[in-house]
Amino acid sequence: MVSSNDAIAKKWWKEAVVYQVYPRSFMDSDGDGIGDLKGIISKLDYIKSLGVNVIWLNPIYSSPNDDNGYDVSDYRNIMKDFGTMADFDDLLKGMHQRGLKLVMDLVVNHSSDEHEWFKQSRSSRNSPYRNYYHWWNAEDGKPPYRYSLFDVNHDAWKYDSLTNAYYLHYFSRKQPDLNWENPKLRQEVYGIMKFWADKGIDGFRLDAFQFAAKDTTWPMFPKGFEKNFVPYYAMQGNLHGYLQEMNREVLSKYDVMSVAEGSGSTFEDGHNLVDARRRELNMAYAFDAVDLAKPEGYSVLKFKQTFTKWDSAFVDDGWLSIFLANHDQARLVNRYGNDSPEFRSVSAKMLMTFLMTMRGTPYYYYGDELGMTNAGFTKIEDYRDVQTLNEYQRQKSIGGDLPAYLKRIGFESRDNGRTPFQWNTKANGGFSTGTPWINANPNYKTINAAAQEKDANSTLNYFRKAVKLRKANEALIYGKYTLLDEDNPDVYVYTRELNGKKLLVLLNFRAKASAYNIGMDISKASVLLSNYAKPSASGTLQPYEAVVYEVK
Ligand code: GLC
């Protein structure tokens with residue numbers, strides 16, 4: 001029986017800190033300008049030194065790289081750019097030797113159009129693979145409009161003359177959606193999962209999985225639905241049934257963790273995915289907070305409310321992921337902190353303090369431990385991301401305001417968070433001896449791991465302290481979360497409590513001194529972590545100040 005208070009049932013994946021490696025941009029071992037598995041192997045000691053214990057790798061399977069590996073053409077092979085299966089085996093071994101676990105991305109809402117399944121599927125209406133994908137015969141007229149995130153026309157149906165039919169692609173044309181209603185397809189996916197689990201990997205991140213099940217009666221959606229398409233696309237049909245089947249057939253048979261990208265649009269959706277009694281997944285991640293950041297800033301109140309609301313849904317059972325940045329976002333410090341020379345480091349440290357003291361498993365994106373910043377690209381030629389480039393084409397074709405678009409992507413393009421890791425002051429930040437697939441941020445000369453290693457007060461060394469603090473305090477993992485000074489528009493204050501131990505977290509989200517009021521005397525409390533040499537006296541905080549106290 002699963003305890004009704006599942007949120008405090010101990011599990012390794014709840015105690016983990018996940019470090020996300022974008023393999024293309026982490027370390028290039030052979031000078032071709034593309035990061036690779038051998039490169040990651042050469043940096044395992046660095047990753048270990050951060051104190052994290054799980055690595056999530058973005059897709060490393062064979063792929064024509066329309067969407068940097070999120071278009072898989074062979075799920076049982078390694079992308080040529082990244083190396084070989086032997087490299088993978090070495091990587092996994094090297095990780096396990098160091099006590100690091102590996103979570104792989106599982107991209108099965110769609111495959112690449114170059115996957116053998118799709119080649120067969122499109123070859124004939126009678127192909128045994130036809131039903132691996134979603135087709136609409138053209139003699140039935142135009143299919144009901146579906147929005148595509150990456151398509152140049154945002155149209156998710158692509159006409160294919162070979163069989164006079166349209167296929168569905170929620171992402172790019174080269175990412176046709178798989179048909180989860182087909183039990184054969186589902187068995188193929190479980191087979192793939194077993195293949196990797198048998199190799200000894202420790203978990204799966206289910207990419208875009210909330211979209212996997214569709215309403216295949218293809219109803220018309222109301223006009224403008226694409227502005228908020230999640231309620232129409234996510235958690236449809238038998239999604240939970242598929243997850244329960246996946247759990248029965250694969251997940252329950254291995255000691256692996258599972259995390260879904262997305263959590264629908266309601267608490268109930270999110271909760272149902274991860275309520276242990278339902279035997280689906282371990283964690284989901286919600287986007288509400290991640291979507292708050294805008295070029296003009298964001299409401300700290302809303303930020304607090306969002307995290308508090310989501311926490312409340314998981315008090316008794318289920319578990320959340322805590323994150324603010326990944327490969328689909330621009331850099332953390334630009335979006336939620338401050339990238340000016342004066343505040344970059346201190347605001348990055350404040351955000352680290354936040355992420356390491358919330359309930360839920362923290363996910364940390366490579367380079368954010370250094371406070372890496374947005375790319376600073378000004379020309380479309382600098383960009384590589386299919387979403388960014390296709391939208392540029394679309395803007396061009398509809399006579400959109402291109403300078404305004406360039407400005408927008410300067411803040412929000414995913415490529416901002418995909419520039420090479422900044423190891424040192426050598427060319428390309430020491431990432432590659434060749435020409436990187438995407439330009440390094442020239443600020444590697446000042447923001448880099450080598451320099452930060454030498455500085456006890458660096459962002460990097462603060463990250464290590466914050467991770468250590470979390471690991472040393474179960475209250476930060478399992479403890480109850482209580483928001484204080486609720487209506488404060490600048491300062492985020494909360495406590496975490498477990499078995500009589502109480503930690504107080506104070507975070508100033510502003511570039512100015514800010515006051516707070518919690519009616520608690522902290523003059524005798526002990527400081528466990530602080531991003532200033534001397535924490536402020538009770539009642540105020542310096543710009544972006546973060547302090548964690550133990551209160552008696
Ligand atoms: C997910 C991934 C994103 C990718 C998309 C399509 O959102 O995180 O990077 O482009 O799915 O696979």
Side-chain angles (χ1 to χ4, degrees), residues 18 20-26 35 56-73 75 79 103-115 118 133-134 146-152 154 156 158 167-178 180 189 192 203-214 229-230 233-235 239 258-265 281 283-288 290-291 321 323-332 363-366 383-391 409 412-419 437-438:
V18 181
Q20 182 188 351
V21 170
Y22 197 65
R24 232 180 158 67
S25 303
F26 197 60
W56 156 27
L57 280 186
N58 291 99
I60 57 171
Y61 317 101
S62 304
S63 166
N65 281 306
D66 184 56
D67 185 18
N68 290 353
Y70 281 97
D71 46 322
V72 180
S73 53
Y75 291 93
M79 189 193 300
V103 170
M104 303 265 284
D105 228 308
L106 184 71
V107 191
V108 287
N109 171 67
H110 45 267
S111 72
S112 161
D113 66 341
E114 296 183 35
H115 193 291
F118 190 74
Y133 297 86
H134 296 283
R146 286 295 179 272
Y147 170 72
S148 160
L149 283 101
F150 295 172
D151 188 79
V152 261
H154 287 183
K158 167 90 174 70
Y167 67 85
L168 185 76
H169 63 92
Y170 279 175
F171 294 91
S172 89
R173 291 175 187 178
K174 289 186 65 64
Q175 295 168 295
D177 282 52
L178 290 161
W180 274 77
V189 172
I192 291 162
F204 297 98
R205 178 250 188 202
L206 276 67
D207 179 71
F209 198 76
Q210 56 174 351
F211 302 143
K214 277 105 177 154
F229 62 89
V230 174
Y233 276 29
M235 310 280 166
L239 187 89
S258 52
V259 52
E261 183 196 25
S263 52
S265 46
L281 302 174
M283 295 181 240
Y285 54 90
F287 284 99
D288 292 11
V290 177
D291 290 339
S321 314
F323 82 111
L324 282 173
N326 64 23
H327 65 291
D328 291 329
Q329 315 291 337
R331 280 287 169 188
L332 175 64
Y363 285 63
Y364 228 81
Y365 189 51
Y366 87 99
Y383 289 92
R384 301 288 177 268
D385 170 32
V386 61
Q387 181 181 31
T388 307
L389 296 175
N390 282 358
E391 185 59 21
I409 58 179
E412 68 183 31
S413 168
R414 311 194 292 181
D415 278 343
N416 284 301
R418 297 178 175 182
T419 58
W437 70 277
I438 189 167

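Counting starts at 1 for both ligands and their atoms, in listed order.
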Parallel, tilted or perpendicular: rings of F323 and F287 (30°, 60°):
perpendicular

Establish, yes or no, whether a centroid distance under 6.0 Å links the rings of H115 and Y75.
yes

Between F229 and Y170, does the ring centroid distance fall short of 6.0 Å?
no

Listed by chain and number, what are the side-chain hydrogen bond (donor to acceptor under 3.5 Å, both in side chains) partners of D291, not counting sequence neighbours?
none

Who are the residue neighbours of ligand 1 when the rule is a heavy atom under 4.0 Å from any of its atoms?
D67, Y70, H110, F150, F171, Q175, R205, D207, E261, H327, D328, R414, R418

Among Y365, Y70, Y366, which residue meets the side chain to side chain donor-acceptor pair (under 3.5 Å) test with H327?
Y70

In a check of salt bridge (Lys or Arg N to Asp or Glu O under 4.0 Å) between D67 and each of R24, R414, R173, R384, which one passes?
R414

